[in-house]
Amino acid sequence: MRERPGSAVCEHCGAGAEADGERHGDASGSGSGSGDPGGPGPSRPRRRDRDEEGRARNARPRDGLGRPLPYGSPGVARQPEGVPRTPAQSLTEAQRLLDDGMPFHAHEVLEDAWKAAPETERELWRGLAQLAVGLTHAARGNTTGGTTLLDRGAAAIAPYAETAPYGIDITGLLAWAQQLTGRLTGSGSVSAAESAPRLRRRET
């Protein structure tokens with residue numbers, strides 16, 4: 001599971017349980033902690049039937065931005081969890097998903113990279129995942145959530161600006177996050193594909 005039991009926020013990337021409760025282990029779909037967990041009544045979280053890897057067997061289908069769809073709908077396949085990738089492969093796959101307008105799915109790839117990264121790079125990958133979640137919220141029209149996650153992600157990757165590991169365009173991503181945050185005023189959403197950032201510097 002990718003979330004502390006009972007938490008409404010993914011401890012790795014900051015994604016809210018409303019964004020991907022099944023992947024992050026939210027069993028109730030509406031949060032917990034609003035009542036006595038040992039007592040009767042609707043406040044007690046119900047358990048989901050899960051497979052050996054902790055995935056909900058009856059997980060609801062999701063759209064390209066990770067939003068739940070009615071059962072039986074043709075949703076967008078989730079990214080498989082725990083796939084071993086090199087940093088370059090993670091960046092390539094995340095960029096493909098971002099370009100396809102699926103930042104929520106890109107965040108899942110970057111979160112796997114977070115888990116596999118050495119200690120010195122953990123905040124880098126966590127920050128990249130947070131930027132993807134920020135774009136997800138922005139594309140959903142959640143300006144508050146988008147701003148929060150974009151700011152959080154930018155703060156996490158900023159210390160890597162000088163070294164720019166794996167050719168990641170830290171400076172460009174910081175400028176992109178600031179520019180997108182400035183657009184998130186009032187109501188309305190942005191296009192995920194048209195607003196997607198470039199993770200790595202372009203070859204010259």
Side-chain angles (χ1 to χ4, degrees), residues 2-4 7-21 23-26 31 62 64-67 79 87 90-91 93-95 97-201:
R2 300 192 169 200
E3 181 183 271
R4 294 188 182 95
S7 173
V9 179
C10 171
E11 65 180 296
H12 298 170
C13 63
E18 78 282 356
D20 58 345
R23 186 170 175 102
H24 287 149
D26 182 333
R62 306 257 169 180
L65 292 175
R67 293 171 293 201
Q79 291 301 297
S90 295
L91 291 167
E93 179 64 5
Q95 187 67 64
L97 292 164
L98 288 168
D99 292 343
D100 287 346
M102 296 191 291
F104 177 79
H105 297 75
H107 126 263
E108 294 181 319
V109 171
L110 295 166
E111 190 176 320
D112 273 341
W114 184 98
K115 292 179 66 175
E119 186 66 31
T120 56
E121 296 179 5
R122 287 174 71 90
E123 283 301 293
L124 170 67
W125 294 101
R126 182 179 184 179
L128 292 175
Q130 288 171 331
L131 292 179
V133 176
L135 177 56
T136 300
H137 283 303
R140 291 177 178 179
N142 178 2
T143 59
T144 300
T147 297
T148 298
L149 269 297
L150 289 167
D151 289 346
R152 193 178 297 170
I157 69 171
Y160 299 89
E162 284 192 16
T163 56
Y166 311 113
I168 298 174
D169 187 5
I170 303 294
T171 301
L173 286 168
L174 293 174
W176 167 82
Q178 183 178 39
Q179 186 270 341
L180 182 56
T181 298
R183 291 167 54 194
L184 300 183
T185 57
S187 60
S189 60
V190 301
S191 166
E194 293 176 6
S195 302
R198 299 300 308 175
L199 298 177
R200 287 183 283 191
R201 295 189 298 267

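FYI, side chains are in, hydrogens and waters are out, and symmetry mates aren't considered; it's all heavy atoms of this structure.
For the atom pair T163 OG1 and L124 CG, the distance stands at 8.0 Å (nearest 0.5 Å). For the atom pair L135 CG and L180 CG, the distance stands at 6.5 Å (nearest 0.5 Å). For the atom pair CD of Q130 and CG of L110, the computed distance is 11.0 Å after rounding to the nearest 0.5 Å. Atom CH2 of residue W176 and atom CG of residue L199 lie 9.0 Å apart, to the nearest 0.5 angstrom. Atom CG of L91 and atom CG of L98 lie 10.0 Å apart (nearest 0.5 Å). Taking CG from L184 and CD from Q179, the interatomic distance works out to 9.0 Å, rounded to the nearest 0.5 Å.
A 4.5 Å side-chain heavy-atom check between E108 and H105 finds at least one atom pair inside the cut-off. Considering only heavy atoms from C-beta on, Y166 stays 4.5 Å or farther from S90 through its side chain. Contact of the R152 side chain with the T148 side chain is registered, since non-hydrogen atoms from C-beta on lie closer than 4.5 Å. H107 places none of its side-chain heavy atoms less than 4.5 Å from the side chain of T136. When side chains are defined from C-beta on, I157 does not count as touching I168, because their heavy atoms never get closer than 4.5 Å. With contacts defined as side-chain heavy-atom distances shorter than 4.5 Å, the pair W125/V109 does not qualify.
Here the closest non-hydrogen pair linking L173 and P197 is CD2-CB, 3.7 Å. The shortest heavy-atom contact between A161 and I170 is CA-CG2, 3.6 Å. Between R200 and Q95, the shortest heavy-atom distance links the atoms N-OE1, 4.5 Å. What you find for A139 and A192 is that their closest heavy atoms are CB-CB, 3.9 Å. The two residues L131 and A154 come nearest to each other via the heavy atoms CD2-N, 3.7 Å. Closest approach of R198 to D169, counting heavy atoms only: O-CB, 4.4 Å.
The backbone N or O of L128 lies less than 3.5 Å from no partner atom in the side chain of W114, so there is not a single donor-acceptor pair.
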